[in-house]
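Here the structure comes first, spelled out in structure tokens, and everything after it is commentary.
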There are 2 protein chains.
Amino acid sequence: MAERLCPRFEDAFELLGKRWTGMIIKVLLSGPKRFKDISDVIPNMSDRMLSERFKELETAGIIIRHVYPETPVRIEYELTDKGKDLEGSMNEVQKWAEKWCLDIPNS
Amino acid sequence: MAERLCPRFEDAFELLGKRWTGMIIKVLLSGPKRFKDISDVIPNMSDRMLSERFKELETAGIIIRHVYPETPVRIEYELTDKGKDLEGSMNEVQKWAEKWCLDIPNS
DNA sequence: TATTATACTTACATAAAGTAAGTAATTTAT
DNA sequence: ATAAATTACTTACTTTATGTAAGTATAATA
């Protein structure tokens, strides 16, 4: 019998292997963001999905939700240390994407 | 209006953001493998999914399918240069996973 | 007073993934 | 010779995930 794939790697891709997750993390690497900030940058993702991903990422300890009781209330999402530590991975994917994924310029 | 997320990065995560894709690539980084070799190493993935992912990865130019007309026929899947170039990303994810994803030992 | 903005939720439709079984070619075991 | 096993899939059906559209609550602005 063959060895199994590393279960920690599996866990990592249980998260990153969901649509939008990588993109959300990428955007948050440039600092805390509000809900709208992220949906503006990833416009083909629905609010419903962003909301769901935020919850998953919070549960996974990758982001924290900050509520600033101003008027009107301001809510920001920030990467935890665990989340920030994904910067290396995201940078590698970015480098790979720049090398291999063609940019199709829009009209 | 905010800038959009880099479309190449989006393309990259259109692939990596699908279940099993990252794991399949990880396994193939150690050399060409047969269908069964991969399903053994990732046992909770169904054959149906492996078959589908192989097709997507071939279309994306990340793997090549080799048919060796022996008897019985042997089929192997190998990473292309584009695929092998994901090693850096996968290694970063592996390092992150080892640091942050707890290993839950099974009984 | 009506409209806009933010940060969501809800209901419903469609697409993706899971489950189980089946297939075809060949090999090994009885 | 016949039955069981192996590899690399496919097919049919079910469940889960995601997409789409609309709605809600609070407050600001016109």
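In this text the structure is predicted, and so the values were computed from the model without any measurement.
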Round to a whole Å and report the spacing from [atom1] of [X] to [atom2] of [N].
X	N	atom1	atom2	result
A/Asp47	D/dA17	CG	P	20 Å
A/Asn44	D/dA21	CG	P	14 Å
B/Glu70	C/dT26	CD	C1'	13 Å
B/Ile38	D/dT6	CD1	C1'	18 Å
B/Leu15	C/dA16	CG	P	14 Å
A/Glu52	D/dA17	CD	P	8 Å
B/Lys18	D/dT18	NZ	P	12 Å
A/Trp20	C/dA16	CH2	C1'	14 Å

For [N], does either OP1 or OP2 sit under 4.0 Å from a side-chain N or O belonging to [X]?
X	N	answer
A/Lys33	C/dA7	no
A/Tyr77	C/dT6	no
B/Ser51	D/dT10	yes
A/Lys36	C/dA7	no

(message) Under 4.0 Å, heavy atoms only, any strand: does A/Arg74 hit a base, just the sugar-phosphate, or nothing?
(response) nothing

(message) Applying a 4.0 Å non-hydrogen cut-off, can you work out what B/Phe54 is touching in the nucleic acid: base, sugar-phosphate, or nothing?
(response) nothing

(request) Check whether any side-chain heavy atom of B/Phe13 sits under 4.5 Å from a side-chain heavy atom of A/Trp20, and report yes or no. (result) no

(request) For the residue pair B/Ile38 and B/Met45, establish whether any side-chain heavy-atom pair is separated by less than 4.5 Å. (result) yes

(request) Spell out yes or no: do the side chain of B/Arg48 and the base of C/dA17 have one donor N/O and one acceptor N/O closer than 3.5 Å? (result) yes

Should [X] and [Y] count as an ion pair when the cut-off is N to O under 4.0 Å?
X	Y	value
B/Arg74	B/Glu76	yes
A/Lys33	A/Glu78	no
A/Glu56	A/Arg53	yes

(message) On DNA chain D, compare the nucleotides closest to A/Pro72 and A/Arg19; which residue's is nearer the 5' end?
(response) A/Arg19

(message) Taking the nucleotide of DNA chain D with the nearest heavy atom to each, does A/Glu56 or B/Arg65 sit closer to the 5' end?
(response) B/Arg65

(request) Between C/dT6, D/dA8, C/dA17, spot the one nearest the side chain of B/Met49, thanks. (result) C/dA17

